[in-house]
There are 2 protein chains.
Amino acid sequence: MRTTIRQVSDRAGVSVGTVSNVLNAPNLVSPGTRSRVLDAISELEYWPNRSARSLQAQRTHLIGYRLPDPGVSSALDVFLHSLVAGASEHGLEIVLFSGCKGHSDLDAYRASIRSGDVDGFVLSETNYTDPRIALLIESSFPFVAFGRAVASQPFSWVDVDGAAGIVAIVDHLAGLGHQRIAIVAWPPGSESGDPRVAGYLAAMVRAGLAIEPELIVRADGGFESGRKTGWDLLSRRRRPTAIVTVQDDLALGVIAAAADHGMRVGRDLAVTGFDDSPAAAMSTPGLTSVRQPMELVAARMIELLVSQLQDPEVQRSGSLLAPDVVIRASTLSPGVWGEVR
Amino acid sequence: MRTTIRQVSDRAGVSVGTVSNVLNAPNLVSPGTRSRVLDAISELEYWPNRSARSLQAQRTHLIGYRLPDPGVSSALDVFLHSLVAGASEHGLEIVLFSGCKGHSDLDAYRASIRSGDVDGFVLSETNYTDPRIALLIESSFPFVAFGRAVASQPFSWVDVDGAAGIVAIVDHLAGLGHQRIAIVAWPPGSESGDPRVAGYLAAMVRAGLAIEPELIVRADGGFESGRKTGWDLLSRRRRPTAIVTVQDDLALGVIAAAADHGMRVGRDLAVTGFDDSPAAAMSTPGLTSVRQPMELVAARMIELLVSQLQDPEVQRSGSLLAPDVVIRASTLSPGVWGEVR
DNA sequence: TTGTAGGCGTTATCAA
DNA sequence: TTGATAACGCCTACAA
């Protein structure tokens, strides 16, 4: 059986209220009894019961997070870690859930809200009109989203400036002398993908490079999709000398396609990714990529969430964070680029 | 304000006990009142409060899992997913925590136990003598470990037969005609690493290949470590024709080292990894690797945990699961192997 | 078949 | 400064 506050109070010869005060408002207790109580607490290894505390405080100190499907998020590892670490600093913990089969995803959120499972939610993989965001706003339930969206009211979000990331990538490539720069992007309509294409266009214009529609190709995402798209791109008479992608997995697929064509990436062709996933760092050649500052993202998300927990009426706001470009061998060998073939 | 059982009972014109029975023992309630209560429940969108339920049942339906440090586990994504999915089928959720700074890791577990945070733990990254295992056994608190260990008493664990995985790898390589097969392993003393080396030795003997001490090299783990070790191995006068590793990250480092030497993996050299991480599948050439059946691992772990939750006295047992070998281009080109140089 | 009451372990309120 | 007591929302006896 676990130790209760009653046992501690008996042991210390005080009332339960006093023990509670020692823990929650030590200044209200005289030093003498305080130390007597503290002794009893440590002798009995007493820790307040979480459920009881939650029940009375109407607060669980738990934050809900629905895991994205496997393979969708290539930096989940770092993100989750930072999230847990950040939460822990505020006495919060992250509870994972999955869309229960048979029920819609939304129902899981709804049930959690009604049963007081968690104090708030962290959302990721949001898109333009995410029904979860609408639901949570309507329920006026605390949450933060990784990713902007359109919503009826302002809400808390953190996002990474993908457009800026791609601009930096294109600048880098243009600086190396590339002129035919292609981009492999997801189909239009993606909250994270569209700005990246916009960044590509802007940077190309600024670099004085011609924008040719055939240099903008679409792929569903993932390695195989990148491989196929890359193969097609490299099978053309007029090949691009550089291929920008919106996802590391796509870029790694392009690298494979280049090998299929007998080309050496980093020499015959430049390729870039997005996410700086572990696979990007460990690829041969190393994959130049846009790195999202996941630690910052997570920390900021927790910050925004905590401020809502403290004051439900707090002004909602968004944070747009700047990414870095990590340059690796997949975009090396400046000056050797020319019209291929 | 959230809906309480009281409001439901008022609305349905019954007592709270009856509402509770409708939810927990429907057969005790007459069909008439039952449907009346059910109506009230859905109209009011009533969901029982989790904290109150936990308090009274002395059960939180939460399982604690301490995230491994980033980069340690290359298959965390799949594992977590399967864990969450498996837990969800039993009405359990996974709560993540991190070693709170300043305190020892063990204290986090201790505190969780005493305060009734969770009903049990899932452990991963265990080693021979894991203090957490000792603590949990001593506290007779429900838990399952991913990985065997030495302990004072039997406990529940699930593990993947790493030795068998490496045996299959060596068999595969020997079948391709390789004779000088090296292994890059972690330093001795690792619960997961040692059996893999043992598997290597056994398979080499069985294949009638000479075991040369210089073919067994040690590396700390990780890409850079693999790159360095690989470079050294390939700088020798008598190079191995195949390099087995105990981790994908190491293998990818070896692939990079081979490129540094101007060698083409899959043709001049065979390389294998362990874990079948996303990076392995997306590497060029694709990395032959040992795939741990993470879905099964997680499912079995949940199974073992749930059985303890149902009956604390249940017999503890372990499960050793068989891995698969995923063959990719890094071990292709059979028959072209010879003494290099 | 249904209602009532006690208790799960805390914290907050109010007296003393 | 401390002690008693009433919630918090639920479930489970037990009584009706």
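Note on naming: letters A, B, ... go to the chains in the order of the sequence lines (proteins, then strands), and numbering restarts at 1 for each one.
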Base versus backbone protein contacts along nucleotides 10-16 of chain C [heavy-atom cut-off under 4.0 Å; B, S, -]: BBB----
Please walk me through it: do A/Ser156 and A/Gln308 pass side-chain hydrogen bond (donor to acceptor under 3.5 Å, both in side chains)? CA-CA 9 Å; A/Ser156 297; A/Gln308 289 178 51; 2.9 Å; yes
Quick one: does A/Ser319's side chain get under 4.5 Å of A/Asp159's, heavy atoms only? no
Quick check: do A/Pro26 and A/Asn21 have side-chain heavy atoms less than 4.5 Å from each other? no
Does a side-chain N or O from B/Ser30 land closer than 4.0 Å to OP1 or OP2 of C/dT1, or not? no
Measure CG/A/Asn27 against P/D/dT2 and give the value in whole Å, please. 12 Å
Answer yes or no: is there a side-chain heavy-atom contact under 4.5 Å between B/Leu305 and B/His90? no
Between B/Pro48 and B/Leu23, what is the shortest heavy-atom contact and its length? CG-CD2, 3.9 Å
Any side-chain N or O of B/Gln58 below 4.0 angstrom from OP1/OP2 of C/dG7? no
A/Arg114 CZ - D/dC10 C1' separation (whole Å): 16 Å
Rounded to 10 degrees, the angle between the two terminal axes of the helix from C/dT1-D/dA16 to C/dA16-D/dT1, each from five pairs: 50°
Which of residues 32-39 of chain A have a heavy atom under 4.0 Å from DNA chain D? A/Thr33
Over how many whole Å does the gap from A/Asp10 atom CG to C/dG9 atom C1' extend? 14 Å
I want to check one thing: is the phosphate of C/dT2, taken as OP1 and OP2, less than 4.0 Å away from some side-chain N or O of B/Thr18? no
Can you confirm whether or not the ring centre of B/Phe143 sits under 6.0 Å from the ring centre of B/Tyr109? no
Using the rule ring pair (Phe, Tyr, Trp, His ring centres under 6.0 Å), only one of A/Phe79, A/Trp157, A/Tyr65 pairs with A/Phe146; which is it? A/Phe79
Electrostatic pair B/Glu93:B/Arg50 at N-O distance under 4.0 angstrom: yes
Do you know which of A/Leu80, A/Asp77, A/Leu83 makes side-chain contact (heavy atoms from CB on, under 4.5 Å) with B/Leu67? A/Leu80
Could you tell me how far apart A/Asp117 (CG) and D/dC10 (P) are, to the nearest whole angstrom? 13 Å
Would you check, one step at a time, whether the test side-chain hydrogen bond (donor to acceptor under 3.5 Å, both in side chains) holds for A/Ser54 with A/Ser51? CA-CA 5 Å; A/Ser54 298; A/Ser51 304; over 6 Å; no
Would B/Glu138 and B/Arg110 pass as an ion pair if we require N to O under 4.0 Å? no
